[in-house]
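These notes concern the structure reproduced below.
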Amino acid sequence: MAPENNAKPEPGLKMVPVTKPKGWVVLVLRLLALAATASATIVMGLNKETKTFVVATVGTTPIKATFSAKFQHTPAFVFFVIANGLVSFHNVVMIAVNLFGKKLDYKGLRLAMIAIFDLLNTVLVSAGVNGAVYMAELGKYGNSHARWNKICDRFKTFCDHGGGAIIASFIGLALMIVISIISIVKLAKSKSNTPLLGEP
Amino acid sequence: MTMTKRIITNLLRLIALGATVAAIVVMVTSHQSAEVFNLTFTAKFSNEPVFKYFVVAEAIACGYTLVVLILSSRSLLWRLIVILDAVMTAVLTSSISAALAIARVGKKGNSHAGWLPICGQVPKFCDHVTGALVCGFVAAIVYALLLVFSLYSALGPVFGVKP
């Protein structure tokens with residue numbers, strides 16, 4: 001009995017096993033990223049403005065012409081819409097897998113695939129938003145050297161909507177970077193038998 | 001890391017270094033003057049903010065590649081290098097994406113916005129910029145390959161793949 005008494009832990013101390021993180025942080029971040037990229041897609045996708053301008057005056061009758069600004073006129077904005085749409089779809093799939101498919105696995109590579117897809121989509125949204133932001137800058141300030149006039153003074157709503165979509169996409173990009181970091185950390189922690197502090 | 005992995009990684013980094021240096025040099029030396037109705041107008045890369053961003057982004061990637069090539073014997077920072085490889089891939093893709101968008105406007109114009117293409121007046125400048133963009137594209141692709149290879153060789157066991 002005496003050796004067992006020595007081996008028993010004190011009543012105040014309990015050995016608590018280390019619980020795995022609940023994963024709600026990533027879920028909230030993914031919801032925010034989904035909101036950001038989906039709103040960027042929708043706002044830019046519905047971005048259209050039509051205006052009539054007086055082009056010339058013949059005698060006393062002004063000649064009016066209707067001009068429209070649509071996002072499809074610029075390939076950079078088309079790519080922006082497509083890239084943000086794809087990233088929104090990725091976030092939807094990841095949220096669904098997180099909530100409903102906790103047992104889905106492919107040869108034990110579940111966390112690895114999540115990390116890789118997060119990285120890929122971060123690069124995708126980065127390319128999309130950077131391509132669009134310089135077209136927006138060109139539309140806002142023009143380029144006097146190339147004789148390209150700015151269009152934002154005439155199509156103010158188009159420019160405002162486009163600017164809002166780009167800001168939302170930048171927020172989505174920042175969130176995707178954080179999500180990628182968390183996914184990689186989760187992946188590295190899960191392989192606890194791999195030496196993390198050693199040589200590769 | 002084994003010898004072959006080190007050779008392949010260093011080779012890819014050398015190619016990326018060459019591509020970024022070429023992109024920077026070709027973009028910076030692109031300028032042409034054209035005379036239109038007795039007015040000279042000069043096309044320089046610095047007139048366009050996108051091309052300045054392109055040069056800066058390629059310079060950052062070039063500097064990083066140089067530092068990693070010089071420090072490649074010490075592999076204690078291998079995790080940081082993999083992370084920075086991913087960051088550099090994103091930077092390079094963003095710079096080439098932005099520059100391509102504006103270059104397309106310069107080449108084909110945008111009839112809806114009333115922007116005329118300028119390649120007709122300054123063809124040499126256009127060719128120079130095209131060359132720089134091709135080098136930038138090659139650098140982005142090589143960096144993507146490098147990232148995949150770095151992940152495979154450095155973090156192979158973590159991904160469940162035998163390196």
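A note on names: the letters A, B, ... follow the listed sequences, proteins ahead of strands, and every chain is numbered from 1. Nothing here was measured: the structure is a model prediction, and the numbers come from that model.
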- Task: Say whether A:M113 and A:I95 are linked into one hydrophobic cluster, either directly or through other cluster members, by side-chain heavy-atom distances under 4.5 angstrom.
- Result: no

- With hydrophobic residues grouped by side-chain heavy-atom distances under 4.5 Å, do A:W148 and A:F67 end up in a single group? yes

- Query: Given the options A:V133, A:T74, A:N149, which has more heavy-atom pairs under 4.5 Å with chain B than any of the others?
  - Reply: A:N149

- Sort A:Y141 into side chain, backbone, both or neither according to what part of it lies under 4.5 angstrom from a heavy atom of chain B. neither

- Item | Segment of B:V91 engaging chain A (4.5 angstrom heavy-atom cut-off) | neither

- Query: Same cluster or not: are B:V56 and B:Y143 linked, directly or through other Ile, Leu, Val, Met, Phe, Trp or Tyr residues, by side-chain heavy atoms under 4.5 angstrom apart?
  - Reply: yes

- Note on the structure: Under 4.5 Å to a heavy atom of chain B? For A:L138 that would be both

- Query: According to a 4.5 Å side-chain heavy-atom criterion applied to Ile, Leu, Val, Met, Phe, Trp and Tyr, with indirect links allowed, do A:V26 and A:W24 form part of one hydrophobic cluster?
  - Reply: yes

- Heavy-atom count around A:F89 CZ within 6.0 Å, excluding the residue itself: above 12? no

- Item | Winner by heavy-atom pair count (cut-off under 4.5 Å) against chain B, out of A:P75, A:A76, A:G128 | A:P75

- Query: Atom CG of A:L119 and atom CG of B:L147: how far apart are they, to the nearest 0.5 Å?
  - Reply: 6.5 Å

- Message: Please determine whether residues B:I141 and B:M27 belong to a single hydrophobic cluster, defined as Ile, Leu, Val, Met, Phe, Trp and Tyr linked transitively by side-chain heavy-atom distances below 4.5 Å.
- Response: yes

- The complete set of side-chain hydrogen bond (donor to acceptor under 3.5 Å, both in side chains) pairs with one or both residues in residues 81-90 of chain A, sequence neighbours excluded, reads A:T37-A:S88, A:N84-A:S169, A:H90-A:D118

- Query: For the atom pair CG (B:L100) and OH (A:Y134), what is the distance rounded to the nearest 0.5 Å?
  - Reply: 14.0 Å

- Query: Above 12 or not: heavy atoms from other molecules or residues under 6.0 Å from CZ of A:R154?
  - Reply: no

- Task: Name all pairs fulfilling the side-chain hydrogen bond (donor to acceptor under 3.5 Å, both in side chains) condition that reach into residues 89-110 of chain B, sequence neighbours left out, sorted by first residue then second.
- Result: B:Y53-B:S94

- Task: Output the residues of residues 111-129 of chain B for which the shortest heavy-atom distance to chain A is under 4.5 Å, in residue-number order; output 'none' if no such residue exists.
- Result: B:H112, B:A113, B:W115, B:L116, B:I118

- Item | Residue pairs, two or more places apart or on separate chains, that pass salt bridge (Lys or Arg N to Asp or Glu O under 4.0 Å) and touch residues 86-102 of chain B | none

- Query: How close do A:S126 and B:A90 get, heavy atom to heavy atom, and via which atoms?
  - Reply: OG-O, 3.4 Å

